[in-house]
There are 2 protein chains.
Amino acid sequence: MQSRTPASRTGRPRSAAADAAILAATREALVELGWSKLTLGDVATRAGVAKTTLYRRWAGKNELVVDAVAELFDELELPDRGSLAADIEGVVLQFAAILARPEAKSGLMAVVAESTRDDALRERIRASIVERQMRLVLEGRARAQRRGELPSVPDPAEATRTGDLIFDVVAGAVVHRTLVSGKPADEEWVRSFTRVLLLGLASSA
Amino acid sequence: MQSRTPASRTGRPRSAAADAAILAATREALVELGWSKLTLGDVATRAGVAKTTLYRRWAGKNELVVDAVAELFDELELPDRGSLAADIEGVVLQFAAILARPEAKSGLMAVVAESTRDDALRERIRASIVERQMRLVLEGRARAQRRGELPSVPDPAEATRTGDLIFDVVAGAVVHRTLVSGKPADEEWVRSFTRVLLLGLASSA
DNA sequence: CCATTACGCTACGGGTCGTAGCGAAAGCTC
DNA sequence: GAGCTTTCGCTACGACCCGTAGCGTAATGG
């Protein structure tokens with residue numbers, strides 16, 4: 001996270017319980033108040049810590065919410081469901097379930113918006129949230145290539161570009177469906193999406 | 001926009017020039033300051049109007065930015081380029097060019113984030129921004145069906161679902177590429193994306 | 001026991017918010 | 001032009017949140 005305890009060994013250690021309490025309080029405040037009305041003073045009160053303690057660990061609202069939201073994505077997994085289509089449907093449904101939670105809705109888009117003017121924040125989001133999702137895409141793709149469902153790409157640069165493309169299409173579609181269109185990415189939608197992704201528009205009814 | 005002059009005909013009319021100046025000042029402030037540091041007092045000063053004038057027309061920052069950003073999407077068009085693939089590439093490049101502008105980056109995601117807790121704001125975004133994009137998708141699809149490039153869907157409900165799906169995939173992918181991955185949706189990317197969208201993952205190298 | 005760091009608490013200047021109140025300006029109707 | 005109505009610019013205000021400084025205390029390790 002944000003912990004920096006590399007060389008310093010002396011002195012009173014930071015309370016790990018306080019970290020957990022603050023992040024939980026942040027998610028609670030996101031649900032009740034939303035991003036714009038969330039204040040660090042309120043979060044500190046909810047967590048039972050002093051405001052100064054909070055400022056010693058996080059630079060501001062942006063960094064705090066990134067860490068609080070990032071924990072929601074810990075549960076993402078990619079079990080082998082036997083086929084590429086089933087793998088995609090499974091992971092997309094998991095992703096959609098996380099995005100449907102109010103603390104994710106309120107917080108994620110807000111910090112992404114802020115990250116357009118803050119490179120350090122963008123990198124923090126990439127490392128703690130996006131990177132994990134990306135790994136799943138690459139793993140699912142490699143699995144499908146072993147099954148023979150997807151052609152293998154010899155050129156590494158080309159492989160990276162294709163991986164990035166797939167990731168933006170999958171994540172972008174789910175995010176847009178959930179947050180912009182405001183409709184649930186339920187099983188029916190995910191089936192239709194997977195069909196289009198695999199077979200293309202022309203093949204889908 | 002927000003003008004309400006249905007029954008009231010008497011008294012001093014609202015200055016249309018002030019509206020334009022305020023919206024332009026809002027975009028200017030979005031570029032220079034970004035969403036979070038943009039204040040209504042500053043916008044009023046930039047526009048050369050009193051802060052109270054601004055509050056008479058817009059309920060708050062959210063509504064103001066929605067209207068300011070919405071004007072950016074006025075230029076979206078869908079000229080007939082002869083094939084579905086060419087039509088998609090053309091409109092996606094236009095969309096990407098708008099999203100690449102700093103006033104769109106900073107503002108759009110922020111108001112979408114706020115809209116997760118404000119239904120009126122969500123509807124405002126839908127009506128003034130999303131609706132226009134959706135129209136292009138439907139028009140391009142109808143055109144492709146006339147050309148025989150896409151199968152026609154007799155069931156109206158199914159047609160709506162498919163239209164919504166295509167829209168979320170296209171818009172979501174471009175938005176995610178631009179704002180989350182932070183990479184440009186340039187011609188090369190758009191070509192690859194169009195290929196995947198039309199032919200599916202299996203057919204793309 | 002002592003150095004070091006974290007903690008809780010209080011207090012503060014600075015900034016923004018959104019509104020109220022005022023006189024002046026700009027239209028329309030007669 | 002007289003009179004009515006609404007908008008406009010301006011000033012001022014209490015309320016809130018920010019981020020930090022200072023202090024005494026608590027919890028470690030040497």
Side-chain angles (χ1 to χ4, degrees), chain A residues 1-23 25-26 29-30 32-65 106 110-111 114 117-118 120-121, chain B residues 1-26 29-30 32-65 106-107 110-111 114 117-118 120-121:
Chain A
M1 302 288 184
Q2 77 296 339
S3 306
R4 291 285 179 277
T5 14
S8 69
R9 301 262 241 113
T10 175
R12 177 176 176 176
R14 287 190 174 174
S15 163
D19 266 21
I22 291 172
L23 292 176
T26 302
L30 275 176
E32 290 184 22
L33 305 173
W35 163 267
S36 58
K37 295 186 178 177
L38 178 149
T39 68
L40 296 195
D42 179 67
V43 169
T45 303
R46 288 172 187 266
V49 302
K51 194 171 58 165
T52 45
T53 297
L54 208 156
Y55 274 101
R56 281 191 200 98
R57 308 182 182 208
W58 284 277
K61 193 168 159 176
N62 293 335
E63 292 76 9
L64 174 61
V65 170
S106 316
V111 292
E114 289 301 308
R117 314 200 92 249
D118 184 340
L121 184 63
Chain B
M1 303 292 181
Q2 79 295 345
S3 306
R4 289 288 179 275
T5 15
S8 70
R9 301 260 241 111
T10 177
R12 177 177 176 176
R14 287 191 173 173
S15 162
D19 266 23
I22 291 171
L23 292 176
T26 302
L30 276 177
E32 290 184 21
L33 307 173
W35 162 267
S36 59
K37 294 187 177 176
L38 179 149
T39 68
L40 296 194
D42 179 67
V43 169
T45 302
R46 287 172 188 267
V49 301
K51 193 171 61 164
T52 45
T53 297
L54 207 158
Y55 274 101
R56 280 190 202 98
R57 307 182 183 207
W58 284 277
K61 194 167 159 176
N62 293 336
E63 291 77 9
L64 174 62
V65 170
S106 316
V111 294
E114 289 302 307
R117 313 200 92 249
D118 183 340
L121 184 63

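Quantities reported herein were computed from a predicted structural model and do not represent experimental measurements. Chain letters run A, B, ... following the sequence lines, proteins first and then strands; every chain starts at 1.
The heavy-atom pair separating Val43(B) from Thr26(B) by the smallest distance is CG1-OG1, 3.5 Å. The shortest non-hydrogen separation linking Ser106(B) to Ala110(B) is O-CB, 3.6 Å.
With sequence neighbours left out, the side chain to side chain contact (heavy atoms under 4.5 Å, CB included) criterion links Ala120(B) to Asp118(B). Taking the side chain to side chain contact (heavy atoms under 4.5 Å, CB included) definition, one finds that Thr52(B) meets it with Ala50(B), Arg56(B), sequence neighbours left out. Residues satisfying the side chain to side chain contact (heavy atoms under 4.5 Å, CB included) criterion with Ala47(B), sequence neighbours excluded, are Ala21(B), Ile22(B), Ala25(B), Val49(B).
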A correct 5'-to-3' footprint of nucleotides 21-30 of chain D, with B, S and - meaning base, sugar-phosphate only and no protein heavy atom under 4.0 Å, is B----BBBS-

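Taking CG from Leu54(A) and NZ from Lys61(A), the interatomic distance works out to 12.5 Å, rounded to the nearest 0.5 Å.
Taking five base pairs at each end of the helix from dC1(C)-dG30(D) to dC30(C)-dG1(D) and finding the rotation axis that steps the C1' atoms of four pairs onto the next four gives two axes whose angle is 30°, to the nearest 10°.
A salt bridge is absent between Asp19(B) and Arg14(B): the closest approach of a Lys/Arg side-chain nitrogen to an acidic carboxylate oxygen does not fall below 4.0 angstrom.
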Can you give me the N/O atom pairs linking the protein to nucleotides 15-18 of chain C at distances under 3.5 Å, or say none if there are none?
from: dC17(C); atom 1: OP1; to: Leu40(B); atom 2: N; distance (Å): 3.4
from: dG18(C); atom 1: OP2; to: Tyr55(B); atom 2: OH; distance (Å): 2.8
from: dG18(C); atom 1: N7; to: Lys51(B); atom 2: NZ; distance (Å): 3.3
from: dG18(C); atom 1: O6; to: Lys51(B); atom 2: NZ; distance (Å): 3.1

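Residue Leu54(B) contributes atom CG, which lies 14 Å from atom C1' of dT19(C) at whole-angstrom precision.
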Indicate every side-chain donor-acceptor pair of residues 33-42 of chain B with a distance under 3.5 Å to a residue at least two apart or in another chain.
from: Ser36(B); atom 1: OG; to: Glu114(A); atom 2: OE1; distance (Å): 3.0
from: Thr39(B); atom 1: OG1; to: Asp42(B); atom 2: N; distance (Å): 3.2
from: Asp42(B); atom 1: OD2; to: Arg46(B); atom 2: NE; distance (Å): 2.7

